Number of protein chains: 2
Amino acid sequence: MEYNTAFSLNMLEYDLVTVDKSTIFRTLTLFEQQKLIHKIEDGSGSTKYALCVEGCNCEAIDQHFHFHCTNCKETFCLTELNIPNIQLPSKFEMKQANVVLKGVCANCNL
Amino acid sequence: MEYNTAFSLNMLEYDLVTVDKSTIFRTLTLFEQQKLIHKIEDGSGSTKYALCVEGCNCEAIDQHFHFHCTNCKETFCLTELNIPNIQLPSKFEMKQANVVLKGVCANCNL
DNA sequence: TTAACATTGCAACCAGGTTGCACAGATTAA
DNA sequence: TTAATCTGTGCAACCTGGTTGCAATGTTAA
């Protein structure tokens, strides 16, 4: 199978019927350490993952936006949108960002 | 007690020793419906809440940023920072935003 | 006083995430 | 080849946060 949007442990467990949850979890953890995938907390209750793309730079400050569709529950990586420069209060140092925009995606917004 | 930063069910449960978790949960849910507080998903594993301030507008698109300190684990509402205008892909319609910047806060960044 | 309603605590449950342990297959060293 | 070791996996159990049903208690109004 193939995912165009972010996927969760749960979704993998459902699709990979013969593989144990713990195995998938450990594999995801490994992939994340190797920076093949990155975590997204989209507020859906379960952590999602997305494949890192060329120049994904997911550990750096200019991490991209994510869009969570409240209708179909899919989470999209908006890789073309970078997080703009933000003027933080004094002495606050940003290392990472988790940006999830919520609304209705193009597929559901007919 | 008084919180300057966002608080979780857990924290309240710890501080309000005589009050049951379910009661706190139901009260938080009520407060949220009444828009006295708003939810923040800071990726710490547990949902946080913050008091809505004058003009908090937490249901609207221009919800403010949050800052999660990875050192002290506090989550700050950066009410003065509004989410900038974002050019979404065609037909994507944003209704809400959950923006959590992560790093080190002023207290920890000495 | 009584009936209706609201609030609370307790216990149980659920889901997602995580870990310990034992087993099987692959790999390596003697 | 054989023995020792390493690696990957499944199973079961566990933890935590969140959530709900239910019964008991408190409050309000007629």
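Residue numbering restarts at 1 for every chain, and letters A, B, ... go by the order of the sequence lines. The structure displayed is predicted, hence computed values, not measured ones. These numbers come from the heavy atoms of this one structure, side chains and all, not from hydrogens, waters or symmetry mates.
Remark: P of C:dT7 and CG of B:Leu30 are 8 Å apart, rounded to the nearest angstrom. Straight-line distance from the CE atom of B:Met11 to the C1' atom of D:dG17: 15 Å, rounded to whole Å. Spacing between atom CG of A:Asp42 and atom C1' of C:dG16 amounts to 13 Å, rounded to whole angstrom units. A:Ile24 places its CD1 atom 13 Å from the P atom of C:dG16, with the value rounded to the nearest Å.
With hydrophobic clusters built from ILVMFWY side chains whose heavy atoms lie under 4.5 angstrom apart, A:Leu16 does not share a cluster with A:Tyr14. The hydrophobic clustering, which links ILVMFWY residues whose side-chain heavy atoms are closer than 4.5 Å, places B:Val104 and B:Phe76 apart.
Interatomic distance, CG of B:Asn109 versus CG of B:Asn71, reported as 9.5 Å (0.5 Å rounding).
Side-chain rings of B:Phe31 and B:Tyr49 stay apart, their centers remaining 6.0 Å or farther from each other.
Backbone-only engagement by B:Thr18 is indicated by non-hydrogen atom pairs under 4.0 Å involving sugar-phosphate atoms exclusively.
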Using a cutoff of under 3.5 Å, can you pull out all pairs of nitrogen or oxygen atoms linking the protein to nucleotides 18-21 of chain D, with atom names and distances?
| from | atom 1 | to | atom 2 | distance (Å) |
| --- | --- | --- | --- | --- |
| D:dG18 | OP1 | B:Thr47 | N | 2.6 |
| D:dG18 | OP1 | B:Thr47 | OG1 | 3.0 |
| D:dG18 | N7 | B:Lys21 | NZ | 3.2 |
| D:dG18 | O6 | B:Lys21 | NZ | 3.1 |

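The salt bridge (Lys or Arg N to Asp or Glu O under 4.0 Å) analysis of residues 40-53 of chain B, with sequence neighbours excluded, yields the pairs A:Lys102-B:Glu41, B:Asp42-B:Lys48.
B:Val100 belongs to a hydrophobic cluster whose remaining members, ordered by chain and number, are B:Ile40; membership requires side-chain heavy atoms of ILVMFWY residues under 4.5 Å apart, directly or through intermediates.
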